[in-house]
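A short worksheet on the structure shown next.
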Amino acid sequence: MSLKGKRAVITGGGRGIGLAVARALADAGAAVLVSARSVDEIEAAADEIRGAGHVAHAVPCDVADPESVRRLAEAAEERMGGVDVLVANAGVASSAPVRSITLEEWNRVFAVNVTGTFLVTQAFLPGMLGRGWGRLVMVASTAGKKGTPYLAAYTASKHAVIGFMRSVAAEIAESGVTANAVCPGYVETDIVTRAVENIVKKTQLSAEEARATLARTSPQKRILEVDEVAFQVLMLCDPRARGMNGQSIVLDGGGIQT
């Protein structure tokens, strides 16, 4: 797969899935711009990618802030001359029984996961439409495909991301731009680390047992690696993937079959 000559923005690109995606797209030949709130993380990510011989930029952004997203779009235009690929990966998770979720926490999750995805899509889609080519990939979750206990805010937000993606895909179907989502199960990221800590805190399980509990949610009895998700994103960005539009692709070892 080759993305030579393409320019990509990855939100939440300083670590975890976002960093893995940035590496994969850069290895395929794309110039990448990694963005997140943590300046240190994205600068380190860009340095690493440049050290591998690729073109990389780092621009801080809070995707929930319209002004911050506007500055990100301006920086991408200045540094790369446009954007062909957007990977909307920035996201937060939250765990609590429904009766305990505060409105503040509910709004925080939706501001990043849903409004943030909307804002960056709205910022970069017009340029893609004008050029007649582009790839929008939204990182959702298996939580966006089913109900998940104690994750009501996160689950609702990821359902919203998938619904938004489907509407965008229908709207741009004839344009040469595609919109899709990847829906991984548990992945070796900070979210899993915090989930394990939460399970240990609330149960009598050890950290190893807690990890095994999460792994058992997959028929393969394992937690995904970030590179597996990055590979799926790369496939959706390939020029030959133009027939893939409006799809939410599940990566969970076969638990959800759609």
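Since the model is a prediction, treat every value here as computed from it, not as a measurement.
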Closest non-hydrogen atoms of R15 and D190, given as atom of the first, atom of the second and distance, are NH1-OD2, 3.0 Å
Next on the checklist: Do K6 and R135 make a side-chain contact, defined as non-hydrogen atoms from C-beta onward lying under 4.5 Å apart?
Outcome noted: no
Check whether any side-chain heavy atom of L151 sits under 4.5 Å from a side-chain heavy atom of S94, and report yes or no.
no
Are any non-hydrogen side-chain atoms of R131 and D84 less than 4.5 angstrom apart?
-> yes
Tested for side chain to side chain contact (heavy atoms under 4.5 Å, CB included) against M138, the lone hit among I162, N113, V87, T121 is T121
**Prompt:** Has the side chain of T155 got a donor or acceptor atom that lies under 3.5 Å from a matching backbone atom of A152?
**Reply:** no
Separation between NZ (K158) and NZ (K146), nearest 0.5 Å, reads 15.0 Å
Rounded to the nearest 0.5 Å, the CG atom of L119 sits from the CG atom of D62 at a distance of 9.5 Å
ask   = So, does E77 use its side chain to make a donor-acceptor pair with the main chain of A75 at under 3.5 Å?
value = no
With sequence neighbours left out, the residues meeting ring-ring contact (aromatic ring centres under 6.0 Å, His included) with W106 are F110
Inset, instruction - With side-chain contact (heavy atoms from CB on, under 4.5 Å) as the test, would you mind laying out the steps for L214 and I199 before giving the verdict? - result: CA-CA 10 Å; L214 298 182; I199 292 171; 3.9 Å; yes
Separation between CG (L125) and CG (L86), nearest 0.5 Å, reads 9.0 Å
Worksheet item: Under the 3.5 angstrom rule, does the side chain of T11 hit a backbone N or O of A90 as a donor-acceptor pair?
Response: yes
Trace of the side-chain contact (heavy atoms from CB on, under 4.5 Å) decision for M128 with L136 = CA-CA 9 Å; M128 297 180 191; L136 301 170; 3.7 Å; yes
On a heavy-atom basis, the closest approach of R23 and E48 is NE-OE2, 2.6 Å
If Ile, Leu, Val, Met, Phe, Trp and Tyr residues are connected whenever their side-chain heavy atoms lie under 4.5 Å apart, and connections chain through other members, are F124 and V69 in the same group? yes
Between P184 and L224, the two heavy atoms sitting closest are CB-CD1, 4.1 Å
message = Between the side chains of E67 and R71, is the shortest nitrogen-to-carboxylate-oxygen separation below 4.0 Å, so that they form an ion pair?
response = yes
Heavy-atom nearest pair, S2 first then K4, reads OG-N, 3.3 Å
* Asked: If Ile, Leu, Val, Met, Phe, Trp and Tyr residues are connected whenever their side-chain heavy atoms lie under 4.5 Å apart, and connections chain through other members, are I42 and V120 in the same group?
  -> no
* Asked: So does R194 have more than 12 non-hydrogen atoms from other groups sitting under 6.0 Å from CZ?
  -> yes
Does W133 belong to the same Ile/Leu/Val/Met/Phe/Trp/Tyr cluster as V233, with side-chain heavy atoms less than 4.5 Å apart forming each link? yes
Criterion side-chain contact (heavy atoms from CB on, under 4.5 Å) on V182 and V229, from CA distance to verdict = CA-CA 8 Å; V182 293; V229 184; 4.2 Å; yes
Are the side chain of N245 and the backbone of A179 linked by a donor-acceptor contact shorter than 3.5 Å? yes
Nearest heavy-atom contact between D252 and T142 is CB-CG2, 3.8 Å
Side-chain heavy-atom pair C237, L25 within 4.5 angstrom cut-off: yes
query: Are I49 and I10 joined in one hydrophobic group, where the rule is that I, L, V, M, F, W and Y side chains link up if heavy atoms are under 4.5 Å apart?
result: yes
Within one Ile-Leu-Val-Met-Phe-Trp-Tyr cluster: I17 and I191, side-chain cutoff 4.5 Å
no
When rounded to the nearest 0.5 Å, the distance separating CG of L19 from OG1 of T189 is 12.5 Å
Test side-chain contact (heavy atoms from CB on, under 4.5 Å) on V21 and N89 and set out the steps.
-> CA-CA 9 Å; V21 168; N89 169 70; 6.0 Å; no
Notebook entry, point to check: Should F164 and H159 count as side-chain neighbours, where that means a heavy-atom distance under 4.5 Å?
Noted result: no
inquiry  = Quick check: do V9 and V59 have side-chain heavy atoms less than 4.5 Å from each other?
reply    = no
Taken to the nearest 0.5 Å, the spacing of R222 CZ from T217 OG1 works out to 11.5 Å
Next on the checklist: So I249 and L236, do their side chains get closer than 4.5 Å, heavy atoms only?
Outcome noted: yes
What verdict does the salt bridge (Lys or Arg N to Asp or Glu O under 4.0 Å) test give for R211 and E208, after you've listed the backbone C-alpha separation in whole Å, the side-chain angles of each residue and the deciding distance to 0.1 Å? CA-CA 5 Å; R211 285 182 58 84; E208 183 177 350; over 6 Å; no
Separation between OH (Y186) and CD1 (I223), nearest 0.5 Å, reads 9.0 Å
In terms of heavy-atom contacts, A73 and A123 come closest through CB-CB, 4.2 Å
>> I'd like to know if the side chain of R216 and the backbone of K221 have a donor-acceptor N/O pair within less than 3.5 Å.
In response: no
Give a yes or no on whether a salt bridge exists between E171 and R166, defined as a side-chain N under 4.0 angstrom from a carboxylate O. no
Residues 28-39 vs side chain to side chain donor-acceptor pair (under 3.5 Å), sequence neighbours excluded, gives none
Legend entry - Non-hydrogen side-chain atoms of V85 and R7 separated by less than 4.5 Å: no
- Charged N to carboxylate O below 4.0 Å: is that the case for K202 and E197? no
